[in-house]
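Sequential numbering from 1 along the given sequence is applied to the chain's residues. Every number for a ligand or one of its atoms is a count from 1 in the order of the listing.
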Amino acid sequence: MAIVRCLLRASALVVLLLIMVVSADCQPSPAPQNQPGPVAARPQPHSEQAYSLPPDKLAQAIALNKIRVALDIGGSLWGLIVLWFLLASRTAVRLDGWTRETMKPRWLQGLAFFAILIVLLALANLPLDAIGQTASLRYGISVQGWPSWFGDQGKGLAVSIVIGVPIALFFNWIVRKSPRRYWIWLWLLSLPLILASVFISPLVIDPLFNKFEPLEKTHAGLVGKLEEVVGRTGTNIPPDRMFLMKASEKSNGINAYVTGVGSSKRFVMWDTTTDRMPDDEIMFIFGHESGHYVLNHIPKMLAGLMVGLFFVFWACAGLAEGMVRRFGERWNVHAVASRAGFLTLFFALSIAGFVLTPLANTVSCHFEHEADIYGQEAIHGLVADPQRTAVSSFNHLGEAWLDDPNPNAFIEFWSYSHPSVQRRAEFARHYDPWANGGHGRFFAK
Ligand SMILES: [Zn+2]
């Protein structure tokens with residue numbers, strides 16, 4: 001699971017006040033990308049690259065990944081442009097003025113201001129999301145019809161408003177009450193808010209977008225095999241914490257992930273995965289996900305995030321104040337503590353989020369690599385050939401999502417939360433610590 005991305009997303013949701021449209025899932029599992037295919041372990045001749053695609057799919061993967069990269073980086077820059085426009089065109093200030101003229105209670109003015117702002121930002125983002133969906137449909141990854149897609153967008157917007165507006169009001173209030181030290185308060189509040197959002201996501205948010213049922217209900221045999229992995233890893237993931245998500249209604253992607261924290265912690269498998277991947281490969285993916293828990297990736301990430309956010313909040317408060325000093329007159333924004341001025345803080349946090357993307361992804365890739373090693377070691381002795389199983393599962397994932405077998409190095413550095421499928425498959429092919437009587441890094445045998 002893209003644990004770092006999950007947490008960053010959760011923190012982005014909180015820290016950036018959920019102004020962006022919430023999409024429900026946490027982009028989990030060994031690889032983000034898809035497409036249907038036959039599922040028998042593919043032979044992997046050692047002379048070739050560990051991950052390869054047939055020529056027609058290779059061409060599709062290259063074309064699709066150009067679109068993905070453009071949308072990913074372009075989308076971040078577009079978000080900054082929109083925020084800048086809202087400030088520079090005085091749209092935010094006018095909106096604030098309008099709410100003051102038309103509504104009496106102060107809380108109602110703030111509520112309307114932030115709700116309308118969230119809607120404006122969602123509308124600005126809609127065309128890019130629609131382009132992404134168009135490409136995904138065209139390349140056979142998404143199978144979701146437009147009415148359903150727009151329904152999800154609407155639900156995402158509703159969630160953003162319901163959660164984002166109160167947080168924005170609260171944060172705005174803190175800035176007003178403590179104009180010099182507010183960034184410390186926001187930082188202190190971010191941890192409980194992140195934890196709360198990770199906790200409630202699988203219980204409240206995810207079911208709004210997808211259907212879940214106990215994995216045992218339809219895949220008792222598979223649950224039995226996963227319990228074998230549980231026995232070897234010593235994790236506490238009982239069958240009632242394993243769920244099947246009906247992803248096939250919307251996607252051809254293959255995926256599995258762990259989510260939640262404390263009593264909401266669970267393992268989720270997309271039904272596309274169980275339909276098209278052999279059980280031993282699912283065991284490998286499950287081992288990978290278990291690795292995130294056993295190796296304490298979530299607490300480590302949270303700790304790192306809190307250290308990082310301290311400096312981010314400090315720097316962004318300075319940047320926001322600098323913006324008000326430099327452009328305040330022109331924008332008619334006279335303090336960060338004003339409602340429109342609060343947008344400068346949001347703008348600064350968005351810049352930080354964009355600039356720090358490669359750093360967050362580097363940390364994420366490190367954890368994902370560790371989880372890959374763990375997953376391969378976890379199935380040792382349970383499947384006939386862990387190397388072959390892992391390599392085959394990466395090929396299934398890569399083919400399903402149409403991952404580029406040879407991505408551009410800079411793009412990989414900037415926007416990949418997981419090592420490329422090629423790197424992962426290549427590592428798996430050569431990882432055999434048991435040769436000559438050795439043992440793995442995380443298991444005694
Ligand atoms: Zn992972």
Side-chain angles (χ1 to χ4, degrees), residues 1-11 24-34 51 198 201-202 206 226 229-230 232-233 235 237 241-243 245 247 251 253-261 265-270 272-274 277 281-302 304-305 357 359-379 386 389-398 400-401 403 407 412 415-428 431 440-443:
M1 126 166 148
I3 254 190
V4 178
R5 178 162 284 184
C6 250
L7 290 172
L8 282 177
R9 191 139 193 193
S11 62
D25 57 353
C26 264
Q27 199 54 266
S29 168
Q33 258 91 281
N34 170 73
Y51 163 51
V198 174
S201 276
D206 297 352
L226 298 183
V229 181
V230 168
R232 188 162 152 73
T233 60
T235 46
I237 309 180
R241 293 291 188 93
M242 297 177 185
F243 291 86
M245 184 184 117
S251 175
I254 290 176
N255 215 348
Y257 60 97
V258 282
T259 182
V261 63
K265 188 168 103 179
R266 65 202 49 213
F267 174 72
V268 177
M269 171 85 63
W270 285 18
T272 44
T273 312
T274 52
M277 259 185 156
E281 293 181 24
I282 294 177
M283 290 163 76
F284 166 64
I285 293 177
F286 182 72
H288 168 106
E289 301 301 333
S290 307
H292 284 310
Y293 273 111
V294 175
L295 305 175
N296 289 316
H297 288 166
I298 289 181
K300 283 179 187 169
M301 267 310 304
L302 280 173
L305 200 60
T357 303
L359 177 65
N361 281 334
T362 301
V363 175
S364 173
C365 283
H366 167 74
F367 287 143
E368 293 301 337
H369 178 60
E370 262 192 3
D372 279 348
I373 295 174
Y374 188 92
Q376 206 165 331
E377 293 184 3
I379 56 170
T389 298
V391 171
S392 178
S393 80
F394 286 131
N395 274 273
H396 281 129
L397 283 164
W401 291 104
D403 264 325
E412 203 180 330
S415 57
Y416 275 43
S417 62
H418 292 60
S420 70
V421 174
Q422 189 66 267
R423 279 183 205 281
R424 302 174 79 184
E426 200 63 51
F427 177 85
Y431 188 63
R441 203 203 288 185
F442 303 114
F443 292 82

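- Judged by the 6.0 Å distance and 45° axis criteria, K265 is positioned over the aromatic ring of Y293.
- For a distance bound of 2.8 Å, the N, O or S atoms of H418 include none lying that close to the Zn ion (ligand 1).
- Aromatic rings from F394 and Y51 are positioned such that their centres are separated by 6.0 Å or more.
- Vertex the Zn ion (ligand 1); arms to H292 atom NE2 and H288 atom NE2; angle 100° (nearest 10°).
- In this structure, CG in L226 is found 5.0 Å from CE in M242, a value given to the nearest 0.5 Å.
- With respect to the Zn ion (ligand 1), E368 has OE1 as its nearest N, O or S atom.
- A donor-acceptor pair under 3.5 Å is formed between the side chain of R232 and the backbone N or O of E377.
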